[in-house]
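Convention: sequence-line order gives letters A, B, ...; per-chain numbering from 1. The structure displayed is predicted, hence computed values, not measured ones.
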Number of protein chains: 2
Amino acid sequence: MSLTHTGVTTPAPLDPCGLEEHPDCGIRDVLDRIGDKWSVLVIVELAGGPRRFRELQRAVEGISQRMLTLTVRRLERDGLVLRTVYPTVPAQVDYRLTGTGADLTHLVKALADWSLAHRADIAEARQSYDRTHPDHDIH
Amino acid sequence: MSLTHTGVTTPAPLDPCGLEEHPDCGIRDVLDRIGDKWSVLVIVELAGGPRRFRELQRAVEGISQRMLTLTVRRLERDGLVLRTVYPTVPAQVDYRLTGTGADLTHLVKALADWSLAHRADIAEARQSYDRTHPDHDIH
DNA sequence: CAGAATCCCTAATGATACTG
DNA sequence: CAGTATCATTAGGGATTCTG
């Protein structure tokens, strides 16, 4: 959607990143996957190599059995994680990143880098906001 | 970044992306902001230039007045968006990306690019999964 | 071990009405 | 126009119990 300003000499509406080209297309799918509470943490752990169910649960601190199950299932469904069942007894299952999943770690790293680079800015902005808007509660 | 899987000589878990270095640190803050339902769409719209409240609401299809308010407030609090009130009557307010917010659009674009690049893979993986796991409901 | 099945609670979002 | 205030709904997530 072109939002060309009607301004006389106003410089064309800048879109430095070319984001207008794909407003929603597909981003939601990815955000729905990595935007939840645990997926990124699981992916990061799996970036270190294959893990069994209990290993993952111990590594990802605070995750419940239920949420770990749901998280790995969804990652598996999206083809980001490969689940392998070994017919031993008791059962043994391991999870590992697929090619797509491994590629996703690059994106996660970009996110982590950006977060670290701007962490101080954001923290400061929040403090400033909370100081100047004491009554306001938007969390 | 090489993903060479030696297998034999690498007892140590490989971390091709260096993700282990910052497991959680700061990523959550960013994901909590861009992981919600509307923030990315608002940011993308603002990447096209300053917008007034109603303009934003019309541009971001489906967003309620309440959620738009909450979304821009949170973005403002994090220093990603600048809110300017003009003391006219009726009131006039515009929103624009700050420096940090504009920088964030780079990350959003990386996300969009990745999403587009892997959209087919993911869609196919899902279909395959749903076909082989008919009863399973994990959404 | 690796889950499946329940129950319960809270946060997130939506709908509607009202205001400076 | 640009919100605020309420109420209703739903999705996400946690705790617990049970099983192959």
Side-chain angles (χ1 to χ4, degrees), chain A residues 24 28-29 31-42 45-46 50-78 81-96 129 133-139, chain B residues 24 28-29 31-42 45-46 50-78 81-96 129 133-139:
Chain A
D24 184 27
R28 273 261 60 87
D29 284 348
L31 282 176
D32 285 345
R33 192 57 46 243
I34 71 172
D36 66 18
K37 194 170 179 181
W38 302 108
S39 291
V40 166
L41 299 179
V42 169
E45 179 61 23
L46 289 180
R51 296 283 189 274
R52 298 179 55 177
F53 189 86
R54 298 294 301 186
E55 286 181 316
L56 272 179
Q57 191 175 5
R58 275 188 292 267
V60 181
E61 195 164 0
I63 195 172
S64 67
Q65 207 169 42
R66 170 186 149 80
M67 286 317 296
L68 180 55
T69 300
L70 279 176
T71 301
V72 293
R73 282 293 183 286
R74 292 198 268 241
L75 291 173
E76 185 196 2
R77 176 170 182 259
D78 284 1
V81 158
L82 178 65
R83 176 174 177 266
T84 311
V85 183
Y86 301 95
T88 61
V89 46
Q92 181 172 338
V93 179
D94 80 31
Y95 297 88
R96 69 189 65 202
Y129 185 95
H133 304 71
D135 49 341
H136 229 301
D137 171 35
I138 61 180
H139 319 321
Chain B
D24 184 26
R28 274 262 61 88
D29 284 347
L31 282 176
D32 285 346
R33 192 57 46 242
I34 70 173
D36 65 20
K37 195 170 180 180
W38 303 108
S39 293
V40 166
L41 300 179
V42 169
E45 179 60 23
L46 289 180
R51 296 284 188 274
R52 296 179 56 176
F53 190 86
R54 298 294 301 186
E55 287 181 313
L56 272 178
Q57 191 176 6
R58 276 188 291 267
V60 180
E61 193 164 3
I63 195 171
S64 67
Q65 206 169 41
R66 170 186 151 78
M67 285 317 296
L68 179 56
T69 300
L70 280 176
T71 302
V72 292
R73 283 291 184 286
R74 292 197 269 242
L75 291 172
E76 185 196 2
R77 175 170 183 259
D78 283 4
V81 159
L82 179 65
R83 176 175 177 265
T84 312
V85 183
Y86 300 94
T88 61
V89 49
Q92 181 172 341
V93 178
D94 80 29
Y95 297 89
R96 68 189 66 204
Y129 185 95
H133 305 71
D135 50 342
H136 228 299
D137 169 37
I138 61 180
H139 319 321

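- In this structure, A:E76 places its CD atom 13 Å from C1' of C:dG3, rounding to the nearest Å.
- Within the 4.0 Å cut-off from OP1 or OP2 of C:dG3, at least one side-chain nitrogen or oxygen of A:R73 is found.
- The phosphate of D:dG3 has OP1 or OP2 within less than 4.0 Å of a side-chain N or O from B:Y95.
- Proximity of a side-chain donor or acceptor of A:R83 to a complementary backbone N or O of A:V72 within less than 3.5 Å is not detected.
- Contact annotation: the side chain of A:V42 never approaches that of A:Y95 to less than 4.5 Å [non-hydrogen atoms, C-beta and beyond].
- Look at CZ on A:R51: it is 13 Å from P on C:dA2, rounded to the nearest Å.
- For B:S39 against B:R33, the heavy-atom pair with the smallest separation is OG-O, 2.9 Å.
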For this session: Take nucleotides 13-20 of chain C nucleotide by nucleotide from the 5' end and write B, S or -, depending on whether a protein heavy atom sits under 4.0 Å from the base, only from the sugar-phosphate, or from neither.
Result: BBB-B---
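- At whole-Å resolution of the value, CG in B:L56 and C1' in D:dC1 are 13 Å apart.
- In this structure, CG of B:D32 is placed 14 Å from P of C:dA11, rounded to the nearest angstrom.
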Exercise. Should A:D94 and A:R52 be marked as a salt bridge (charged side-chain N to carboxylate O under 4.0 Å, His left out) after you check the CA-CA gap, both sets of side-chain angles, and the distance that decides it?
Worked result: CA-CA 4 Å; A:D94 80 31; A:R52 298 179 55 177; over 6 Å; no
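- Between A:R58 atom CZ and C:dG3 atom P the separation is 14 Å, expressed in whole Å.
- For the pair A:R83 CZ and C:dC1 C1', the interatomic distance rounds to 12 Å; values are reported in whole Å.
- For D:dC1, the OP1/OP2 oxygens have no side-chain nitrogen or oxygen of B:R52 closer than 4.0 Å.
- Panel note: side chain A:S64, backbone A:M67; a donor-acceptor pair is recorded below 3.5 Å.
- Computed from coordinates, the A:L68 CG to D:dA15 P distance equals 14 Å when rounded to whole Å.
- Judged by distance alone, the side chain of A:Q57 and the main-chain N or O of A:R54 form no donor-acceptor pair under 3.5 Å.
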